[in-house]
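Here is the structure we will look at.
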Amino acid sequence: MLKSPNGLIYITGPTGSGKTTTLYMALESLSGRQVNISTIEDPVEKNLSRLNQMQVHPTAGLTFDSGLRALLRQDPDIIMVGETRDSETANISLRAAITGHLVLSTLHTNDAVSTIIRLIDMGSEPYLLSSALVGAIAQRLMRKVCPHCGKVTGLDEYQRAFAGRDMPNAKSAVGCPKCHGTGYSGRIAVHEVLYVDRGIRKLIADHADADTIKKYAIENQGMKTLKEAGLDLVEQGITTMEELEKIAYNE
């Protein structure tokens with residue numbers, strides 16, 4: 001997605017799911033090119049070299065939408081908007097993407113497909129969104145089971161029903177002095193990646209609902225949902241079913 005010369009890329013998830021960290025990693029990767037990268041954030045959480053970073057100041061009238069308008073006059077190649085909070089910011093970002101800029105931003109939605117529905121609800125025209133959106137990535141953080149005390153227990157009856165399969169290597173958190181009795185040590189990100197191809201562009205333009213777009217992405221792109229990505233980690237003994245149940249629901 002980052003190789004796209006223009007368009008919109010959204011990273012979605014609740015507060016504390018690591019969206020900004022992922023965005024900064026993407027920007028660091030992009031900053032190796034001969035490009036002008038500008039950001040507008042609230043607040044600037046990490047200073048990066050070779051980037052023009054700006055912090056919003058609502059008291060002085062510097063909001064996301066006014067700052068974004070000012071940035072566009074400086075002809076940047078890549079723009080990062082810390083958060084798309086309102087319809088004004090969403091529509092300016094959309095116009096910027098259509099006029100040749102690569103725009104990265106974050107949004108609070110539960111999964112990748114909901115990004116499309118949320119942007120349309122915020123006033124983005126489906127025919128414009130279908131041509132501007134490059135993709136959406138839903139992200140969550142899961143705690144990793146402690147390597148010193150994690151115990152292979154398999155799944156109970158409810159967990160098997162939730163997973164849809166048995167996992168004899170699934171671990172449970174126990175707790176030891178090394179992990180301060182929590183049973184967990186470190187965290188790992190799980191992602192649901194929706195790439196907007198020709199089929200999804202047509203579905204957006206035709207006002208398709210979230211379930212239709214999700215079904216298309218799973219069947220035609222092999223998209224892994226957050227639940228499936230989490231189940232893979234449980235199967236490998238990296239995290240536990242208890243952690244997965246915090247980020248996924250039983251369909």
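Note that the structure is predicted; figures quoted are calculated from it, not measured. Positions are given from 1 along the sequence.
When all heavy atoms are compared, the tightest approach of Glu228 to Arg165 is OE1-NH1, 3.8 Å. Of all the heavy atoms in Phe162 and Ala248, the pair that sits closest is CZ-O, 3.9 Å.
Screening residues 90-104 for salt bridge (charged side-chain N to carboxylate O under 4.0 Å, His left out), with sequence neighbours left out, gives no hits.
Note that CD1 of Ile137 and CD of Gln139 are 9.0 Å apart. Values are rounded to the nearest 0.5 Å.
When only modelled atom types and interatomic distance are considered, Arg50 and Ser31 share a side-chain donor-acceptor pair under 3.5 Å.
At a threshold of 4.0 Å, the pair Asp156-Arg160 does not count as salt-bridged, since none of the basic side-chain nitrogens sits closer than that to a carboxylate oxygen. Taking a cutoff of 4.0 Å between a charged side-chain nitrogen and a carboxylate oxygen, Lys224 and Asp232 qualify as a salt bridge. Salt-bridge check for Glu83 with Lys19: failed, with every basic side-chain N at 4.0 Å or more from each acidic carboxylate O. Looking at Lys214 and Glu192, no side-chain N of the basic residue comes within less than 4.0 Å of a carboxylate O on the acidic one, giving no salt bridge.
Just one of Glu41, Glu45, Lys46 meets the side-chain hydrogen bond (donor to acceptor under 3.5 Å, both in side chains) condition when paired with Gln53; it is Glu41.
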Report task. In sequence, state the C-alpha distance, the side-chain angles, and the governing distance for Met223 and Tyr195, and then conclude on side-chain contact (heavy atoms from CB on, under 4.5 Å). Result -> CA-CA 9 Å; Met223 182 184 84; Tyr195 183 72; over 6 Å; no
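Residues Ile79 and Leu72 are in side-chain contact: their nearest non-hydrogen atoms beyond the backbone lie under 4.5 Å apart.
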